[in-house]
Amino acid sequence: MSLLIRNLTRRAIPRLRYNAIVGRVFGKNQQTEISLAFVSPARSRVLNRTYRGKNRPANILTFPLTHDSGEILICLATARAEARRVGLPFPKYLQQLFIHGLLHLKGCTHGSRMEKLELWVEQSLPDWTSARRR
């Protein structure tokens with residue numbers, strides 16, 4: 001498993017167990033290559049408009065490349081605002097977004113099956129707070 005994380009913003013990214021999450025979704029022994037990039041609202045808006053026809057920043061965009069590889073782009077500013085709106089701590093919400101994106105890379109589409117998988121992955125992970133800086 002290979003995970004490349006890039007922060008293309010000036011904001012700090014929460015410390016999560018990104019590799020553990022990828023391992024839970026794809027399996028620890030599977031040969032996967034995932035790129036996770038944190039992008040600005042401006043970049044997210046351009047990509048969302050180009051690939052989805054929506055002229056606003058997306059919280060998350062996923063781009064499957066092959067059966068075992070893909071790229072996930074998360075707009076930190078959009079995700080942080082959404083976390084406040086739904087009343088979740090930002091790291092917890094970011095973890096949920098990352099799981100959501102990984103399941104899309106794995107081929108899942110929105111619906112009750114995907115929601116059940118998201119919940120299963122989230123509940124099977126160690127508490128997200130243990131990864132935060134103390």
Verdict with reasoning, F98 to V22, per side chain to side chain contact (heavy atoms under 4.5 Å, CB included): CA-CA 9 Å; F98 187 50; V22 172; 3.7 Å; yes

Min side-chain heavy-atom separation L103-V25 under 4.5 Å: yes

Pairs involving residues 43-72, ordered by first then second residue, that meet salt bridge (Lys or Arg N to Asp or Glu O under 4.0 Å) (sequence neighbours left out): R6-E71

Within one Ile-Leu-Val-Met-Phe-Trp-Tyr cluster: V39 and L3, side-chain cutoff 4.5 Å: no

Working for side chain to side chain contact (heavy atoms under 4.5 Å, CB included), residues I99 and L125: CA-CA 11 Å; I99 292 167; L125 291 169; 4.0 Å; yes

Min side-chain heavy-atom separation F38-L8 under 4.5 Å: no

Pairs satisfying salt bridge (Lys or Arg N to Asp or Glu O under 4.0 Å), at least one member in residues 97-107, at least two apart: none

Residue pairs involving residues 116-125 (criterion salt bridge (Lys or Arg N to Asp or Glu O under 4.0 Å); sequence neighbours excluded): K92-E122

Between OH on residue Y18 and CD on residue Q95, distance to nearest 0.5 Å: 9.5 Å

hydrophobic_cluster_shared for W120 and F26, side chain cutoff 4.5 Å: yes

Minimum-distance pair of heavy atoms, taken over all atoms of L61 and S44: CD1-O, 4.2 Å

Side-chain donor/acceptor of T62 to backbone N/O of H104, under 3.5 Å: no

Distance, nearest 0.5 Å, that separates CG of L105 from NE2 of H100: 10.5 Å

Less than 3.5 Å apart, which donor and acceptor atoms pair up between the side chains of residues 72-90 and the rest of the protein, not counting sequence neighbours?
residue: E82; atom: OE1; partner: N59; partner atom: ND2; Å: 2.8
residue: E82; atom: OE1; partner: Y93; partner atom: OH; Å: 2.6

Side-chain heavy-atom pair L16, P91 within 4.5 angstrom cut-off: yes

side-chain hydrogen bond (donor to acceptor under 3.5 Å, both in side chains) partners of T50, counting only residues at least two apart: none

For S40 against T9, the heavy-atom pair lying closest together: N-CG2, 3.7 Å

Main-chain N/O of L65 paired with S69 side-chain donor or acceptor, under 3.5 Å: no

Qualifying residues under side-chain contact (heavy atoms from CB on, under 4.5 Å), relative to S2, sequence neighbours excluded: E33

Joint cluster assignment, L97 & F63, ILVMFWY side-chain distance < 4.5 Å: no

Donor-acceptor pair, side chain of N7 and main chain of R11, under 3.5 angstrom: yes

Within-4.5 Å side-chain heavy-atom neighbours: L4 and L36: no

Linked, directly or transitively: L102 and L119 (ILVMFWY side chains, under 4.5 Å): no

Pair N19-M1, side chain to side chain contact (heavy atoms under 4.5 Å, CB included): steps then yes or no: CA-CA 8 Å; N19 285 311; M1 172 183 61; 4.1 Å; yes

Test side chain to side chain contact (heavy atoms under 4.5 Å, CB included) applied to E115 and H110, step by step: CA-CA 8 Å; E115 290 172 9; H110 292 156; over 6 Å; no

